[in-house]
Amino acid sequence: MSQVIDLLRELVAIPSVNPSGGEPDDALYGEARMVAHLEAFLGRHKIDCKRQKACDGRENLIAVVEGRSAQPIILESHTDTVAVEGMEIEPFDPRVEGGKLYGRGACDDKGSLAAMVMALVNVAASGTPAQTCVLAATCDEEYRFSGVNALVERPEDVGLSVEQLRTGMACAGEPTGLDVVVAHKGAYRWCLRTRGCAAHSSDPTQGENAIYTMSRLVGLLEEYAESLGARPKPVRGAG
Ligand SMILES: [Zn+2]
């Protein structure tokens with residue numbers, strides 16, 4: 001465990017804030033320093049890594065320990081963090097207090113990343129595993145998911161096949177209070193536009209107010225959101 005905590009301290013001390021549409025610059029933003037650090041760390045443990053370009057200046061780092069079966073177990077975690085504005089503690093100076101480590105990304109997602117890296121190191125040190133073990137340290141999870149999208153769209157970039165992704169098992173590390181979560185909500189972003197019709201102010205009934213139409217639509221969206229919350233939750237082991 002102390003190795004996980006040591007590695008977690010190192011990762012938290014490396015700023016890797018998602019630029020959220022801006023340019024990844026050297027001081028605070030982007031995952032480049034994380035990729036380089038993890039690559040060197042895994043290299044010291046004789047684990048092969050491949051970089052995969054996700055989008056401009058942003059890369060995934062994929063490490064593979066070949067097993068007797070090519071059907072992989074994929075451990076996935078992300079290297080970017082949310083922003084640091086409004087934080088009341090020093091974001092990049094990890095502190096342990098009361099058995100917890102504090103700093104930007106300590107929980108989301110560098111805690112699981114450090115645990116997964118050390119798990120892979122331990123697997124590699126124990127000889128050839130029964131199944132191929134893959135660590136996918138993906139970029140850009142907090143904004144556009146370009147990292148994990150690149151991995152599932154072009155696994156051949158890092159020596160994996162679509163078949164391996166389909167038949168393997170994957171575990172994504174995210175803060176869940178140590179509960180196992182079997183489903184994830186999606187996101188779909190729309191741009192809705194309502195159109196009206198102008199009329200002379202002496203007789204507005206001749207026109208159509210686009211704002212009134214939109215307000216009815218917003219009410220319907222609120223009702224729909226409430227109905228989603230009432231749907232049965234996915235159950236562990238249900239597939
Ligand atoms: Zn996360």
Side-chain angles (χ1 to χ4, degrees), residues 4-5 7-22 24 28-39 41-42 49 51-55 57-63 73-96 100-120 133-153 155 158 165 168-189 233-234 236:
V4 176
I5 295 166
L7 179 58
L8 178 55
R9 278 182 199 274
E10 292 170 20
L11 299 183
V12 169
I14 299 171
S16 60
V17 175
N18 193 308
S20 301
L28 193 62
Y29 298 108
E31 302 89 350
R33 284 171 298 256
M34 286 285 287
V35 169
H37 191 86
L38 289 169
E39 189 175 51
F41 184 90
L42 289 159
C49 299
R51 295 183 181 212
Q52 180 186 35
K53 182 178 174 182
C55 55
R58 319 280 295 277
E59 290 177 313
N60 295 330
L61 188 74
I62 312 296
I73 294 173
I74 302 170
L75 303 176
E76 191 274 346
S77 182
H78 62 89
T79 48
D80 58 323
T81 72
V82 292
V84 297
E85 283 81 21
M87 285 184 71
E88 292 172 358
I89 60 167
E90 180 53 48
F92 308 117
D93 182 16
R95 298 255 165 89
V96 176
K100 292 181 179 171
L101 190 144
Y102 293 86
R104 174 50 83 225
C107 173
D108 185 9
D109 201 17
K110 295 179 177 180
S112 61
L113 182 57
M116 287 174 170
V117 168
M118 287 315 303
L120 195 74
C133 294
V134 178
L135 171 79
T138 57
C139 63
D140 193 21
E141 193 271 352
E142 300 288 2
Y143 189 57
R144 286 198 175 142
F145 323 121
S146 65
V148 77
N149 281 342
L151 179 61
V152 297
E153 284 162 12
V158 289
L165 293 192
M169 293 188 291
C171 173
E174 276 290 317
T176 61
L178 296 182
D179 198 3
V180 177
V181 174
V182 295
H184 195 292
K185 73 178 173 65
Y188 199 89
R189 296 188 168 92
K233 302 279 183 289
R236 225 180 284 176

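In each ligand, atom 1 is the first atom listed, and ligand 1 is the first ligand listed.
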**Item:** Heteroatom N/O/S of Glu174 within less than 2.8 Å of the Zn ion (ligand 1)
**Value:** yes
**Message:** Just checking: Asp108, one of its N/O/S atoms, less than 2.8 Å away from the Zn ion (ligand 1), yes or no?
**Reply:** yes
**Message:** Taking the side chain as everything from C-beta on, heavy atoms only, tell me whether Leu42 gets closer than 4.5 Å to Leu135.
**Reply:** yes
**Message:** For N/O/S atoms only: which one belongs to His78 and is nearest the Zn ion (ligand 1)?
**Reply:** NE2
**Prompt:** Under 3.5 Å, is there a donor-acceptor pair between the Asp109 and Ser112 side chains?
**Reply:** yes
**Item:** side chain to side chain donor-acceptor pair (under 3.5 Å) partner of His78, chosen from Asn60, Asn18, Asp140, Asp108
**Value:** Asp108
**Asked** So, do Phe92 and Leu28 sit near enough that their side-chain heavy atoms are less than 4.5 Å apart?
**Response** yes
